[in-house]
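Naming convention: chains lettered A, B, ... in sequence-line order (proteins, then strands); numbering from 1 in each chain.
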Amino acid sequence: MNSVIFRSSTHVLLPFMLTLSVVVLLRGHNEPGGGFVGGLLAASAFALHAMAFGHRSARERLRVDPRVLIGVGLLIASASGLPALVMGQEYLEGLWLSMTPPGFTEPLKIGTPLAFDIGVYLLVLGAAFLMIVSLEEYRHDADAVG
Amino acid sequence: MTLASLAILILTAALAPALCRISRRFGNLLVAAVPLGVGCWFASASGVVLGGQPVVETWSWLPALGLDLAFRVDGLALTFALLICFIGSGVLLYASSYLAASPRLGSFMGVLMAFMAAMLGLVLTDNLLLLFVFWELTSITSFLLIGFEHERERARWASVQALLTTGLGGLALLAGVVLLGIAGGTWTLSELDAARVLSSDLYTPIAVLVLLGAFTKSAIFPFHYWLPNAMEAPSPVSALLHSATMVKAGVYLIARLHPTMAGPPLWNESLAIFGGVTMVLGAFLATRQDQLKKILAYSTVSSLGTLVLLLGLGAAKAAATYLLAHAIFKGCLFLVAGSLTKSSGEKNPERLGGLLTRSPLLGGAAVFAALSMAGMFPLIGFVGKELMLKAGLSHPEWATLATIGVAVSGTLTVMAALIVGARPFLLAPAHDVEVNWKSQPGWRQLATPLALSAAGIIAGLAPALFAEPIVAGMVASIAPTPVDPEIRLRWLELLWPPSTATFLSIAALAVGTALFVWRRPYRAVTAPVEHLDRIGPARGYDAALAGLTSLAGWQTRVVQNGSLQIYVRVMLLTVIGVVGLALSRSLDWAAITGLATQTTVLEVMLVLALVVATLSSTVQKTALATVACLSGVGFILAILFALYGAPDLAMTQFSVETLLLIIFVLVLFHLPRYRDLSKRAFRILDIGLAGVFGLTLALFVAAVLSSDAPGSVAAYHAENSVPGGYGRNVVNVILVDFRAMDTLGEIFVIGVAGIGVYTMLRLRAKPEAEGAS
């Protein structure tokens, strides 16, 4: 799209939306959010960029091949279940580490479900982005062919 | 120990391509040395095992399904393990030279190793289900190996044929194994109770299904056709899979289940009849071939038939001895055949000759292996043949028929052995033939045939060294009742004092040699048999395959007719039918009307907007407007979700609607404008269908809302979210912790869908672009 307003606002919105998607991902365990919504939000951000600047630019902004994101996401999500297996629990059962650094009132928790959610985030982003970009590319190819 | 040995082989299989890439010379040797080490490991346990103490090992895997990693090494399993490891190691060594020029040598070694692991698992396991798993794995690795030279159409065709034939048998075996487990009350092979299985109603189906599996795998008539075609595989594969080990899996299975299943005529007579027919047919067809490997392949078919026949006759000792002898001499001859073709470029033994002087070592190995195959004393093959004839002669019912069969196939085997072993080496080349001996086989190609040939000689001359204990161990596992542990395989005792078997054996040698000398007239006389090919079982395979394809085509045209309207109608009707049936049984009108009183003004307004958006989507003139209306429906739904306290759902719905809108717009670009294609009557019908569908679902939701679900799942999750999942967002805890396995499956589907869209668009975009340029 060749609108200056749209392009300029996309410049502002892309980092904002991506930050938001990560916030949504991270807070998902206690507040509304999670990897799935986060991934969709991030994909919408890149879709916005693709509409404003074209799919090539969007691919460059993503930096990694979306197919790689799908694979890595699936790998992280499925590997996050392995520690529990090693510890003698069921596959994918959550394991948590909890600690309270100085200056914090509430303990910080980190666990395998977070890794699982990150895997979901990456995969959803990759899959949605791949669909949009390939449709966009197909359209351009069709244009080129006439 | 057994699980560890499997793990080592699998690990080596995975590493083989890398090892061979790092060092072409030593990587191969290292890979070949691994099964040798594993084989020595098994050999070191042979004292205990053959002494009557099986090595047992059990690891729990899926106890709920009765599937344990249970292994049990007894005499029969040990013999197979030794054959797999030692012959396998030798074949790997041979392959490293035979396929030295191939860029895919590393992956070849890897797949061959994977096959060995599968085969080893098959013979070592003590669990019926695991046996099936390994059985299928050998079929798959065999498929990969037959089609190794996949650039050739013939190799691809042969590998598919082998896979389909053995795969069909595998399915039968699965059913048979499950029934056997039910009838026997256990999934553990060694605990199967023969009396219980024999008296079970399921005995007949079990026997038929198991034999179907075994017969397809071991190329028993009428499934013998795939094995000669499998000779498209490189020679090392033929030597290991299609003579020494994999094709014997069927024989192994029969032998393994013999103590449980033997007795009823269905089992023993089927074995004897199909085995006997295969034995004679294979031997006859072998003498009619003009390619080295085809001759060996048909003679292997004959040998497999012989083994099945012997098991049917209850001659465990003869079967065990012949199994050992056959693995040794046939493995050797396949490798020799490979080297002959490699060095001379010639497949037809009639176009070779005088090669003993060119390569005395290869010739020596070939001649002694061929003599063992022919049944010449003092080699182990002689002992096997004598015991076979004795078993035939001493059978109470089928003595005449069995003896004639064994004698005839023995005679023809002598002829085949001489064509393969003697013609290229001992006789001068035909006068119009010039043998072009391009390259001398190196030590890697010579070591294994020599070792196997020597093993045949040693087993004959000094049977006490390894042949007798091994055969005794096998007999102890096969025979339904304990037998005399003393097994003697002394060739001199069989030869002197002479018996009927001795005379028959010598007659077979003499007649077989005579047929070899006069093979030209013999072939002319037997030529009319070729016409039988037109009605043979191989034709049945082709016809069945063609029939299957056209059936699938017809079925697809009917079910997947390509009309989206029909798909949607079928889906809607199905839901209406299923949900309607459930509703008609348990609809509580009073509770549903009670719900209506609880609505608020905001809800009513949202629902009205929903209805308007939905209705307007059906009357739009352009696709874009329709999509916009549908998006409106989605966003209103999201607001409803937020209103009902499901912020997660609302958020997700908003994001999904946004993305869907974008995707729709991208897709719409390719769609044609709306046109009225359906008839008026159909449209009215569709309106009715949609109305009924909507009503059904509305009633369904109302019924769900108005009923109290017993033992609410929601309450459990809400209570356990913080203590069990350390999270206050119950929805998220369910997704990533309580039901993480489901989520894993779902994201897998999403990933596949993404890649699917990408692939379809790519595949379609390319030809158009090329066509234009």
Problem set entry | Spatial distance of atom CD (Gln653(B)) from atom CG (Leu40(A)) [nearest 0.5 Å] | 10.5 Å
Exercise. Is there a donor-acceptor contact under 3.5 Å from the side chain of Asn30(A) to the main chain of Asn729(B)?
Worked result: no
For this session: Measure distances from Val24(A) to the heavy atoms of chain B and classify the residue's part below 4.5 Å as side chain, backbone, both or neither.
Result: side chain
Exercise. Of the non-hydrogen atoms in Val37(A) and Asp648(B), which two are nearest, and what is the gap between them?
Worked result: CG2-O, 4.5 Å
Exercise. Checking Leu135(A) against chain B: side chain, backbone, both or neither under 4.5 Å from a heavy atom?
Worked result: both
Problem set entry | Residue, of Leu69(A), Leu130(A), Leu41(A), that accumulates the most heavy atom pairs under 4.5 Å with chain B | Leu130(A)
For this session: Count the heavy atoms of every other residue, nucleotide or ligand shown that sit under 6.0 Å from CZ of Arg104(B), and state whether that count exceeds 12.
Result: yes
Exercise. What heavy-atom pair brings Gly751(B) and Leu123(A) nearest, and what distance separates the two atoms?
Worked result: N-CD2, 3.8 Å
Exercise. By a 4.5 Å heavy-atom criterion (distance strictly below it), what part of Ala77(A) contacts chain B: side chain, backbone, both, or neither?
Worked result: both
Exercise. Of the listed residues (Leu114(A), Thr112(A), Leu74(A)), which shares the most heavy-atom pairs with chain B below a 4.5 Å separation?
Worked result: Leu74(A)
Problem set entry | Partner chain A: residue of Ile755(B), Leu649(B), Thr658(B) with the largest heavy-atom pair count (under 4.5 Å) | Ile755(B)
Seminar exercise, completed: Residues Ser134(A) and Val757(B): closest non-hydrogen pair is OG-CG1, 4.4 Å
Problem set entry | Val656(B) portion near chain A, given a 4.5 angstrom heavy-atom threshold | both
Exercise. Chain B: which of Ser78(A), Gly34(A), Gly33(A) shares the most heavy-atom pairs with it under 4.5 Å?
Worked result: Gly33(A)
For this session: Could you tell me whether Phe134(B) atom CZ has more than 12 heavy atoms of other residues or ligands within 6.0 Å of it?
Result: yes
For this session: Grab the two heavy atoms, one from Ile750(B) and one from Phe36(A), that are nearest each other, plus how far apart they are.
Result: CD1-CE1, 3.4 Å
Problem set entry | Given Thr743(B), Leu735(B), Val736(B), the one that forms side chain to side chain contact (heavy atoms under 4.5 Å, CB included) with Asp117(A) | Val736(B)
Problem set entry | Heavy-atom closest pair, residues Asn732(B) and Gly28(A) | CB-O, 3.2 Å
For this session: Verify the neighbour count for atom CZ of Phe748(B): are there more than 12 heavy atoms of other residues, nucleotides or ligands below 6.0 Å?
Result: no
Problem set entry | Inter-residue atom distance Met51(A).CE - Ile662(B).CD1, 0.5 Å rounding | 4.0 Å
Seminar exercise, completed: Of the listed Ala43(A), Pro32(A), Ala127(A), the one with the largest count of heavy-atom pairs under 4.5 Å with chain B is Pro32(A)
Seminar exercise, completed: If one checks every heavy atom of Ile70(A) against chain B at 4.5 Å, the contacting part turns out to be side chain
For this session: Might you work through the side chain to side chain contact (heavy atoms under 4.5 Å, CB included) test for Phe116(A) and Leu744(B), ending with a clear yes or no?
Result: CA-CA 9 Å; Phe116(A) 185 84; Leu744(B) 191 64; 4.0 Å; yes
For this session: Output the option from Ser44(A), Gly71(A), Gly119(A) having the highest count of non-hydrogen pairs under 4.5 Å with chain B.
Result: Ser44(A)
